[in-house]
Amino acid sequence: MSFRQRAASALNDASLQEALTIATTKFIELRREAFDGFPQGERLRDRARQIKEATLQQLDHYVERLVDNVERLGGHAHYAVTAEEARDIVLEIAKRGGARMAVKTKSMATEEIELNEALTRAGITPVETDLGEYIIQLAHEKPSHIIAPAIHKTKGQVAQLFARELKREVAADAEVLTRIARAELRDKFLRAEVGITGANFAVADTGTVVLVTNEGNGRMVTSLPRVHIAVMGVEKVVPSMTDLMIFLAILAKSATGQKLSVYTTLVQGPRRPGELEGPDEFHLVLLDNGRITQLAGPLREALSCLRCGACLNVCPVYRQIGGHAYGYTYPGPIGILLTAMLHGQESVKELAHASSLCGACADACPVRIDIPRMLIELRQGGVESKTAPWAERVVFKTLGRLLTRPALYRLSARLARLFQRPFVRDGVIRRLPLFFGHWTRTRDLPPVAAPTFSERWAELERES
Amino acid sequence: MTRQEFLARIRGEMRKTSGLFAASVAERPAHPQRIADTLRRELSERWPETLEVFRREFERVGGIFYRVPSLAEVPEVVGALARERGARRVIAWHPSALRADLSGPLMAQDLETHLMPPGGLPEAERHGLRAHIAEADLGLTGVDLAVAETGTLVLVSGAGRPRSTALLPPYHVAVFDRTALVESLQQLGVVLESWHEGQPPVGRGGAIHFITGPSRTADIELTLTRGVHGPKEVHAIFVDAPFVG
């Protein structure tokens, strides 16, 4: 199914439309309230961006320091260039430990490498323990939002999923459903041999992996199973605890409007002497998967992303079509960039246009990533590399030529005024023939004005 | 891939970059221990205001706050809140970690109290104990830091202070005094830096937990629901008379 078809079916899904409007509106409101009551927020956002940039400029140093400290604490570091390598590393560790079940926290990195499918094939049952992830795992779906994976599901649908799984009647009530998930998953936390998490940050200075959750599953997964494996994109390293606090001060506010998420868990290696609980083994899997080449690539800025989801909530396109229509792990404006990073620019030739370039995403981004700029570059890349449809390329090339030749431009404006006549209704062009019709299918085209701007300008000059 | 190959890969790309803007990381305090000590001295003079902010923020995130004159009143408070909730089985940090042995007075409150061991245990015993922890109704812990800005309790794992005491039981009760108070996340950062200066003290565990209210989710239709995996309720008891020197 093409993006256009997926988007069309999302637009026709009434319950999805309702869920999206409610959720994104709420998130926007919560975020605004959080920053309204936090006057230093703007300064910290600038600071956070600086830290990300400075870290990327010395990424080798910080990764090396992180790994040194993880190993000093008795943990193991692993290096994966591709998704496949990352999966193999995790499977090998899990199999060596004789694992039959792995409990997981919500992690976009493990979604990205499609770890659950690989675990299942290897005979290890992956159990998602974030309530939203648990719901979509039962539904055999992908997350539709970076921080609220089941945002598209109504409580009625969740109740049906639970009923099917538990083979009994379940009330469609958030409280009841949460209680059921607590009971179901508690037993699994206590039995699983392996815990798999992502990482929101890792502190190079101290070898600390940082997990941010609201439910407490992050603490369960890092405290109870015998083995803890953290899979982390290599760009998530931060230099020091001082830096970490700056990110924590803006992350939850951007994501859910909380001052801090309920649980921030700082994990430093395996269980220590004298400690009753905590894993025997701690493994950190550092994931490249397209990130490293972007250090010098056009998508470098996207390496600063904190995965807070704020850009999704404010995006007029995401708000209409939701996460699944994008067709990849990461939805929304930042998702388009991350998809291009992971799967190449070819993969986003349609998605690069799934933006009105209004700039709301860049405004909402806690580290001020200029998402629209990169979307425009991806579009340009599509034209230059001939991956865009030929009609689009012809139109852009022709426009480009006209705009650099004033005489030709003036002539074509006059011609256009002549040819547009049959299509103008009430001052706008609502429908164009041939392939131009693609453009006017979802938007109106303003007609060439009479007189044109350059004609009026010349006239004004004469008058004065 | 080996560490060296991976780092070489990063360096190879870093060399290709150009036109980057000047950027700096946050300034890490040069002597965090000294700054943390100064901070504590300053805070010891304005703790009542800090406590008030903490109370407000802690209650805002759904915590339940109490204030008592001395440790002697703590068991009564715990007893009352446990009875109200039908909680009977209590697990508590070891007295060496809690800096007080409350087991006697808690038993007197008709609470079946189980103290956590002062250190690690052999595998088999560890599992037995875990089952016990998993069945407890209430976990009683101390607090390493209380952050006023966010209403956050910071608990460091370690000997006598197992991670699940504040995690598996549905009710978490934390006891603290003025020495735990800091005002802001920034100050928390200073203390964290000081904790990582030099070798960690014997008995320090491998995890630090920031706890900001009870476990919650909004994953079903953004309806706020408490107590998903962690505690449904978090209670903080502030003791006026400092119980540490």
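Remember, it's a predicted structure, so these values are computed and weren't measured experimentally. Convention: sequence-line order gives letters A, B, ...; per-chain numbering from 1.
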- Item | Region of Pro200(B) in contact with chain A, defined by heavy-atom distances below 4.5 Å | side chain
- Note on the structure: Turns out that what part of Ala131(B) lies under 4.5 Å from chain A's heavy atoms comes down to neither
- Item | Which portion of Arg3(B) sits near chain A, non-hydrogen atoms under 4.5 angstrom | both
- So what's closer than 4.5 Å to chain A heavy atoms on Thr2(B): side chain, backbone, both or neither? backbone
- Message: With chain B as the partner, which of Val267(A), Val212(A), Asn217(A) has the greatest number of non-hydrogen pairs under 4.5 Å?
- Response: Asn217(A)
- Message: Using heavy-atom distances under 4.5 Å, tell me whether His196(B) contacts chain A through its side chain, its backbone, both, or neither.
- Response: side chain
- Message: For Leu129(B), which atoms come within 4.5 Å of any heavy atom of chain A: side chain, backbone, both, or neither?
- Response: side chain
- Task: State yes or no: are the ring centers of Phe282(A) and His76(A) separated by less than 6.0 Å?
- Result: no
- Message: Less than 4.5 Å to any heavy atom of chain A: does that hold for the side chain of Ala166(B), its backbone, both, or neither?
- Response: both
- Message: Is the distance between the ring centroids of Phe65(B) and His235(B) under 6.0 Å?
- Response: no
- Message: Shorter than 4.5 Å, heavy atoms on both sides: which option in Arg300(A), His145(A), Gln50(A), Arg271(A) has the most such pairs with chain B?
- Response: Gln50(A)
Would you list the atom pairs, donor with acceptor, under 3.5 Å between side chains in residues 118-127 of chain B and any protein atom, with sequence neighbours excluded?
| unit_1 | atom_1 | unit_2 | atom_2 | d |
| --- | --- | --- | --- | --- |
| Glu123(B) | OE2 | His127(B) | NE2 | 3.4 |
| Arg126(B) | NE | Leu276(A) | O | 3.3 |

- Please look at Arg204(B) and chain A and tell me whether the side chain, the backbone, both or neither of the residue comes under 4.5 angstrom of a heavy atom of that chain. both
- Task: Sort out for me which of Asp243(A), Ile135(A), Ile51(A) touches chain B most, counting heavy-atom pairs under 4.5 Å.
- Result: Asp243(A)
- Give a yes or no on whether a salt bridge exists between Arg89(B) and Glu112(B), defined as a side-chain N under 4.0 angstrom from a carboxylate O. no
